[in-house]
*Asks:* 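So that we are looking at the same thing, I have put the structure below in structure tokens.
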Amino acid sequence: MTGITSNNTERRVGDMKCDDAKKLISLYIDNEMDEKIHSEFEDHIKTCKTCRDELNAISKTVELLRSIPQVELPVNFKEELHEKLVKLKEENQKSRKGLFFIKNKYIKAVSTIAAGAFVIFALRGLFFNNFLAKSSLNQAKGDAEITKAVETENVSESYDLSDQVADLSQAYTGENAIQADEILSMRSFIAEGDEDINSDDKAVVKENENFKLNMMEEKASTIPDYTMPEKVDRGEAGGISMASFGIQPRQNAVYFTEDAILKDAAVRVRINIYNDAVKVGVVEEIVQNYKTWNVIANNDNIDNKNDNISIIEFNIKGLDYESLVSKLNTEIDKLNLIVEYDNPVLLQEVEPKYREYSTQLEEINSQILALPESKDASLSSKESKLKEEKNNIENNIKALLADYDYIADAEVHIKEQ
Amino acid sequence: METKENVLIEKSKKGDIHAFETLIEAYQKKVFNIAFGMLHNYEDANDAAQEVFIRVFKSIKNFKGESSFSTWLYRITANVCLDELRKRKNKNVVSIDEDITLEEGEISRQIIDDSPTPDIVAEKNELRKIIYNAISELSEEHKTVIVLRELHGFSYDEISEMIKCPQGTVKSRISRARNILKNILKNKRELYDRDYVK
């Protein structure tokens with residue numbers, strides 16, 4: 001339809017109504033309409049002064065809006081933000097805490113390990129494992145059962161094993177949730193004070209024979225320098241009387257993500273359950289739903305010797321750690337407990353090499369990134385060279401990681417409020 | 001292929017503050033300006049922009065790269081500012097540039113402004129004041145799209161993604177908001193340039 005319809009509500013110029021044209025002004029300014037409407041709109045504007053004025057007015061407004069200069073950042077903006085970020089990071093590193101409330105029914109069913117009855121030694125880090133291995137070597141001289149255990153590189157020291165603990169270890173080994181081939185080792189170190197060795201723990205030792213801890217002795221000699229936690233009492237030759245652990249400051253936290261090279265690496269997780277605050281079985285059950293290995297059940301005295309602590313220590317795929325922790329959180333949701341956990345921290349033996357490789361990797365990545373986009377043959381050969389180099393570094397990292405059963409450790413604390 | 005930004009994002013996910021600061025370097029001023037456009041007050045814009053980056057740092061682990069980092073960042077910016085505006089509804093917040101009306105007439109609010117404002121832009125500042133005043137009269141929805149579109153030049157697409165609205169909605173909001181602004185500014189045209197708005 002052509003011609004002008006002079007009507008207040010339906011003014012029409014060309015193929016377009018003024019009302020429609022006015023709605024299109026904004027899109028026209030932003031060049032956001034298709035060609036057909038665009039030319040119709042321009043036809044309309046050419047002939048309709050009202051709409052042309054409107055277009056001009058809005059264009060001017062937009063122009064005006066766009067003309068104003070940006071304001072500068074406040075002088076201390078970056079410093080202020082930096083401080084906040086540092087503080088935030090520190091808070092995160094200290095511990096990520098959650099408060100959870102226990103139902104009485106859980107408290108009622110306390111740990112299968114009686115409070116205060118035993119001191120069980122937890123292994124802490126590779127060196128400590130070996131340290132124990134060596135200690136037990138000494139000790140084993142007078143004890144055939146233990147010697148056997150050590151010969152098979154299954155470190156197991158047991159003192160005065162009680163029925164309760166035997167039950168516990170049965171419970172562990174009986175759990176089908178942990179597949180046998182995934183369990184490399186299961187150890188219980190139970191001591192009543194530093195009393196005599198009781199050979200009643202055959203069951204435990206026997207279990208251990210099924211598990212392998214290859215290379216343990218070798219590693220002990222190749223890893224000379226694992227710094228012991230300050231509070232660890234190395235004990236006397238012939239047996240460890242007591243070990244207590246300070247909670248170490250967490251640095252070098254490492255994050256496991258799906259796409260990272262670390263995705264298959266394992267973390268040694270140690271769950272400390274204080275004062276039988278929660279039934280150990282509850283935690284075990286949760287743990288066993290994950291692919292874990294090197295499961296160690298332990299009991300230990302930490303700091304305050306009156307506080308009894310049950311310890312579950314095991315390896316878990318790094319990727320699963322967060323999920324395990326959140327599962328722990330939700331499962332004991334209603335328990336009147338505090339759950340504290342930290343991020344996995346790289347072993348001291350692994351850390352420098354790993355950092356070195358990842359720095360190299362980043363360097364290569366940014367070099368690849370910096371290559372101009374081009375089909376040029378010399379460029380693409382350069383790119384493939386860089387990629388090859390990247391591959392090599394990745395393989396180095398994989399090789400490094402393959403040397404260790406686990407590359408980081410993490411602690412979880414479950415205690416009363 | 002990984003971009004430099006992705007490398008920085010990955011590092012930031014691991015809690016690397018330096019990488020995070022490098023990552024946001026290019027966006028800080030824009031985030032602050034969006035906040036200033038929305039909130040029309042230096043101190044609030046500062047607080048909001050700080051809050052934006054803290055939130056981003058906290059949640060960057062969850063950033064999956066479905067949208068570009070900047071879009072994600074500006075979406076958080078818009079949300080933080082809208083939160084602040086909603087909070088304000090219950091408070092009586094005065095803008096820096098709003099004049100106090102006394103019986104004798106209007107006087108300018110005296111506020112120590114520690115932000116760098118070179119003399120060269122003094123004239124522009126006057127204009128800015130008028131425009132920001134006009135923008136502050138808009139509704140939250142209109143304010144958001146105008147700030148993003150006119151003050152920061154985002155495309156309809158980007159805005160649609162930032163405020164999680166269909167493009168059609170964005171289009172009509174921008175159109176409406178421009179009309180409203182045109183009318184507001186028309187009444188003030190004598191304040192700056194008689195010829196600017198007809």
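Throughout, a chain's letter reflects where its sequence line sits, starting with A, and its residues are numbered from 1.
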*Asks:* Could you measure the distance from the CG atom of A:Asp30 to the CD1 atom of A:Ile25? Nearest 0.5 Å is fine.
*Replies:* 12.0 Å
*Asks:* Can you classify the ring geometry of A:Tyr28 versus A:Phe41 as parallel (below 30°), tilted (30 to 60°) or perpendicular (above 60°)?
*Replies:* tilted
*Asks:* Below 4.5 Å from any heavy atom of chain A, which atoms of B:Glu21 appear? Answer side chain, backbone, both or neither.
*Replies:*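 When you check distances to chain A, only side chain atoms of B:Glu21 fall under 4.5 Å.
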*Asks:* Looking at B:Glu51 and B:Arg55, is any side-chain nitrogen of the basic one under 4.0 Å from a carboxylate oxygen of the acidic one?
*Replies:*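 Looking at B:Arg55 and B:Glu51, the cut-off is met.
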*Asks:* Do any of residues 141-151 of chain B come closer than 4.5 Å to chain A, heavy atom to heavy atom, and if so which ones, in number order?
*Replies:*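 Contacts with chain A: B:Ile146, B:Arg149, B:Glu150, B:Leu151.
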*Asks:* Taking the six-membered ring where the residue is Trp, are the ring centres of B:Phe53 and B:Tyr27 under 6.0 Å apart?
*Replies:* no
*Asks:* Top residue by heavy-atom pair count (under 4.5 Å) with chain A, among B:His152, B:Gln28, B:Gln50, B:Lys29?
*Replies:* B:Gln50
*Asks:* Just give me the residue among A:Glu54, A:Glu80, A:Lys23, A:Lys78 that pairs up with chain B most often, heavy atom to heavy atom, under 4.5 Å.
*Replies:* A:Glu80
*Asks:* Identify the heavy atoms of B:Ala177 and B:Leu138 that sit nearest to each other, and give their distance.
*Replies:*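 Nearest heavy atoms, B:Ala177 then B:Leu138: O-CD2, 4.2 Å.
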*Asks:* Taking side chain as everything from C-beta outward and backbone as N, CA, C, O, which of these in B:Ala134 sits under 4.5 Å from a heavy atom of chain A? Side chain, backbone, both or neither.
*Replies:* neither
*Asks:* Output all residues satisfying side chain to side chain contact (heavy atoms under 4.5 Å, CB included) with A:Lys353, sequence neighbours left out; order by chain, then residue number.
*Replies:*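 In terms of side chain to side chain contact (heavy atoms under 4.5 Å, CB included), with neighbours along the sequence ignored, A:Lys353 is linked to A:Glu356, A:Tyr357, A:Leu400.
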*Asks:* For A:Tyr406, does the six-membered ring have the charged nitrogen or CZ of A:Lys317 within the cation-pi criterion, i.e. under 6.0 angstrom from the centroid and within 45° of the normal?
*Replies:* no
*Asks:* Go through the steps to decide whether B:Ser68 and B:Thr71 satisfy the test side-chain hydrogen bond (donor to acceptor under 3.5 Å, both in side chains), and finish with yes or no.
*Replies:* CA-CA 5 Å; B:Ser68 74; B:Thr71 302; 2.9 Å; yes
